[in-house]
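Accompanying notes for the structure given below.
Only a predicted model underlies this, so the values are computations on that prediction, with no experimental measurement involved. Note that ligands are numbered from 1 as they come in the structure, with each ligand's atoms numbered from 1 the same way. One-based numbering along the sequence shown.
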Amino acid sequence: MNHSADSGGGAFRAIDVICKKRDGHELSRAEIEFLVRGYTHNQIPDYQVSAWLMAALLKGLSRAETAALTDAMLHSGEVLDLSEFPAPKIDKHSTGGVGDKTSLVLAPLVAAAGVYVPMISGRGLGHTGGTLDKLESIPGFDVKLPLARFREILRACGCAMIGQTREIAPADRLFYSLRDVTGTVESPFLICASIMSKKLAEGIDGLVLDVKTGSGAFMKTDEDAAFLAELMVETGQRMGKKVVALLTDMDQPLGLRVGNALEVEEAIEVLLGAGPDDLRELCVELAAWMIHLGGRASSVGEAKKVAVELIRSGQAFKKFRQLVELQGGDVSRIDDPTRLPQAKFSLDVESPANGYVASIQCEDVGTACVILGGGREKKEDTVDPAVGIILHKKAGDAVSAGDSLCTLKYNSEERAARAKALLEKSYRIAASAPVPRKLIRRILPRQG
Ligand code: URA
């Protein structure tokens, strides 16, 4: 391994780039390109990039450094040209949450409205779930398609959902899995570069960002989430894209199910016109923005009506079925979701008292799902598609002592015991109900 690879902008040493950031200095574009290129070409080892990521998380990056990192990651691979497609290409990306299965609903729903959705998603990151892990809980569903097949499916179906390939933003695939296991996710600069590099490589015309805020988000406060949203909107606009960011609540899990196959099941409920209110509301809102940016409705209000009708008429679910079939998934499991992977055992977490659910520490719910095997603790871990948590009570619900707050679906007793202990701590029961939090908290840039 050559630790002093030549970047083309002069020879650097990884150790110097790490120390410069550790000491709070601004890196040059050439130094950042050296780091990204060196890691992508296996010339700089994991441990040095881990150290750099931690320094970047602790010291922050300037706007120029963030732009340089985004550009280096974007150009670590190919930038798709989808200009031959006859309608706008719009995607959505979430900064990551717990129980956030909106992508599974949005890709087919928005495609059914006549907007192309070329979606490149990620795996679970930290305590948050990932769209690819969810899709892979449908037996046969292939998220590792070659780009030529991705285009064919996009043309035939209007949407296609894959993970990063060697061709598209390969640097982010590597950085992402390293950040997942080194405590270096929660940096707005690293999140911005990660999300925007892969989204800008997709050949899209517009992007709807779902920036999560609250105890289950990487950004815990509205201020931090707004900072991240502004950074991403600015980056997208710099590249000439239409970008809108919705700050949405992640102070408790979205919907009632957390875990890969469980979330596919809940997404199907929404596509069929049912499902929990919060999940349905957010799906319709995000879909409406995508449809509006894609020029299929003159206002977001009109676009909402389009989305609601596509669900009611069954066209959105039909599109999901088509997508699953084209990507090799077993559609009989979609038609009968009880045939999706099922955990062997169940266990309830009971309320210790009478009262109301005052709050749910949402990150702990995500971590409990990871502990059950629904996410990764090390890069090499495989994910158990069947395990997870079904919530019966959410913030504001009245409870009596002994009521089931949630049910764990598990395959290992030892893991279940650890997850249960965490979930018991995550629910706070109080004598009075909390003030409800708004689901959609802010929209950027300011409209009107
Ligand atoms: N989602 C991403 O794609 N990257 C991040 O860094 C966080 C959430």
Salt bridge (charged side-chain N to carboxylate O under 4.0 Å, His left out) for Arg257 and Glu263? Distances and angles first, verdict last.
CA-CA 6 Å; Arg257 287 163 183 253; Glu263 293 191 39; over 6 Å; no
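Closest to atom 3 (O) of ligand 1 among all protein heavy atoms lies Lys198 NZ, 2.5 Å. Nearest protein heavy-atom neighbour of atom 8 (C) of ligand 1: Thr95 O, 3.2 Å. Among all non-hydrogen protein atoms, the one lying nearest atom 4 (N) of ligand 1 is Ser194 OG, 2.7 Å. From the protein, the heavy atom lying nearest to atom 1 (N) of ligand 1 is His93 NE2, 3.6 Å.
Of all the atoms in ligand 1, the ones that sit under 4.0 Å from a non-hydrogen atom of Ile195 are 1 (N), 2 (C), 3 (O), 4 (N).
Pro139 has its side chain within reach of Arg333: a pair of non-hydrogen atoms, C-beta onward, lies under 4.5 Å apart.
When only interatomic distances are considered, the shortest N/O to N/O separation between Asp172 and ligand 1 does not fall below 3.5 Å.
Heavy atoms only, all atoms of each residue included: Ala307 and Leu109 are closest at O-CD1, 3.6 Å.
The one candidate from Leu132, Leu323, Ile120 that meets the side-chain contact (heavy atoms from CB on, under 4.5 Å) condition with Met161 is Leu323.
Arg418 CZ: more than 12 foreign heavy atoms inside a 6.0 Å radius.
For the ligand labelled ligand 1, residue Leu125 lies inside the 4.0 Å heavy-atom shell.
Taking the six-membered ring where the residue is Trp, Trp289 and His292 present perpendicular rings, their angle passing 60° and hence far from 30°.
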